[in-house]
Amino acid sequence: MTAQAEWLGDARPLMGTEVSVYLWSDDPEAGRRALEEVFDEASRIDRLMSTYKDASEISKINREAANQATVASSEMFTLLGRALEISELTDGAFDITYDSVGQHYDFRERQRPDDDTVATEVVNIDYRLVHLDEETLTVGFGRPGVRINLGGIAKGYVVERGVEILRSRGIEHAAVTAGGDTRLLGDRRGRPFMVGIRDPRKDGEVAIRVPLEDEAISTSGDYERFFDEDGVRYHHIISPATGEPAAGVHSATVFGPDAVITDALSTSVFVMGVERGLSLIGTLPDYESIVIDAAGKVYYSDGLMQPETPSTE
Ligand code: ADP
Ligand code: MG
């Protein structure tokens with residue numbers, strides 16, 4: 001049997017979603033091993049960052065950090081620092097303490113917090129209540145009741161790490177996806193990868209296709225985790241200002257060089273809405289965005305606008 005260069009791929013349920021890896025390898029056996037390494041890395045990151053696992057580092061921090069400064073791994077400390085920077089950048093639209101309210105949702109069981117619970121917990125949503133000490137690598141919370149959840153960047157981190165692993169194994173063409181986050185390595189051998197943005201209200205249908213290479217793309221949608229009740233969609237992206245699911249947008253897509261950033265920014269643009277979201281993206285030269293609002297209308301960031309065709313008279 002002769003080993004031939006080929007595209008390899010696999011998809012597995014991980015992190016409450018599907019993680020997939022697709023790569024071109026000159027040596028299929030080495031390609032398979034690299035693929036396994038990416039899935040192993042996704043599992044490792046999930047064990048570190050899942051709030052559903054009592055033994056995870058994030059669960060330990062959530063149990064202890066309101067009582068005492070809690071030592072974090074340098075990996076966790078760095079990621080928390082990045083999350084807080086994005087909170088600053090987005091004026092608090094992205095906020096890992098959303099989980100003070102978020103923990104009271106169970107989408108499968110159609111459970112949501114009542115108004116009193118939201119009112120009590122919303123005061124615990126404020127990224128400024130998360131204190132990082134560079135000297136001691138510790139995390140402390142400013143008051144009891146604060147809880148953090150990295151669900152808004154963990155998948156971006158997984159695909160970024162996945163691509164780093166593949167690159168270090170000599171792979172030059174790949175796509176790594178976790179839920180709504182994709183990081184591309186190189187191109188599809190001579191042409192760009194085509195990444196689809198889902199139609200937010202038509203299951204399985206693609207609304208827009210974007211040609212991309214060597215970039216990250218993230219979509220946040222109100223169709224990922226949700227239930228409908230009395231005509232209201234209760235979904236998983238929480239507005240830190242109100243403690244309620246953010247309204248006005250059906251999906252927000254961001255693309256650019258870094259998947260951790262695109263992941264956090266897609267959640268942020270979803271929360272900020274079309275106008276504020278796109279004006280934020282306009283200040284970031286490397287990042288572009290496509291937003292579909294609640295009426296199904298599609299908006300593009302300025303960098304994606306086609307130049308005006310000169311009128312011929
Ligand atoms: P998905 O790919 O699951 O749609 P998103 O990138 O849209 O993921 O992130 C949604 C997740 O982010 C939620 O499931 C939750 O864990 C977390 N989250 C929700 N609201 C916020 C917020 N305002 N700031 C930061 N993270 C949030
Ligand atoms: Mg996101």
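In each ligand, atom 1 is the first atom listed, and ligand 1 is the first ligand listed. Position 1 is the first residue of the sequence; numbering continues from there. Treat the numbers as computed from the prediction; the structure is a model and nothing was measured.
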Would you call the rings of Phe107 and Phe227 parallel, tilted or perpendicular, where under 30° means parallel and over 60° means perpendicular?
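Correct class here is tilted.
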
With only distance considered, is Glu224 within less than 3.5 Å of ligand 1 through an N or O on each side?
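Min N/O separation from ligand 1 is not below 3.5 Å for Glu224.
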
Compute the shortest N/O to N/O distance between Ile238 and ligand 1 and return yes if it is under 3.5 Å, no if not.
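Ile238 vs ligand 1: N/O contact under 3.5 Å present.
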
Under a 4.0 angstrom heavy-atom cut-off, which atoms of ligand 1 come close to [X]?
X: Lys155; value: 1 (P), 2 (O), 3 (O), 8 (O)
X: Gly180; value: 2 (O)
X: Asp95; value: 22 (C), 24 (N), 25 (C)
X: Pro240; value: 23 (N)

Can you pull the side-chain hydrogen bond (donor to acceptor under 3.5 Å, both in side chains) pairs that have at least one residue in residues 270-281, sequence neighbours excluded?
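Qualifying pairs, neighbours excluded: none.
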
Pairs meeting criterion side-chain hydrogen bond (donor to acceptor under 3.5 Å, both in side chains) with involvement of residues 243-260, two or more places apart:
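For residues 243-260: Arg82-Asp258, Arg201-His250, Thr219-Thr253.
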
Heavy-atom pairs closer than 4.0 Å: do any link ligand 1 to the side chain of Phe94, the backbone, both, or neither?
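Both backbone and side chain.
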
Examine the proximity of ligand 1 to Ile237 and report which part, side chain or backbone, both or neither, has a heavy atom under 4.0 Å away.
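Looking at Ile237 and ligand 1, atoms from backbone and side chain both fall under 4.0 Å.
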
Taking all non-hydrogen atoms of both residues into account, name the closest pair between Asp54 and Arg63 and its distance.
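Asp54 and Arg63 have their closest heavy atoms at O-NH1, 3.0 Å.
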
Please check if any side-chain donor atom of [X] sits under 3.5 Å from a side-chain acceptor atom of [Y], or the reverse.
X: Ser220; Y: Ser266; value: yes
X: Ser73; Y: Glu57; value: yes
X: Thr117; Y: Asp114; value: yes

Which option out of Ser220, Ala93, Ser266 puts a heavy atom nearest to atom 7 (O) of ligand 1?
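The option holding the nearest heavy atom is Ser220.
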
Among Arg225, His235, His236, which one has a heavy atom closest to atom 19 (C) of ligand 1?
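Closest candidate by heavy-atom distance is His236.
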
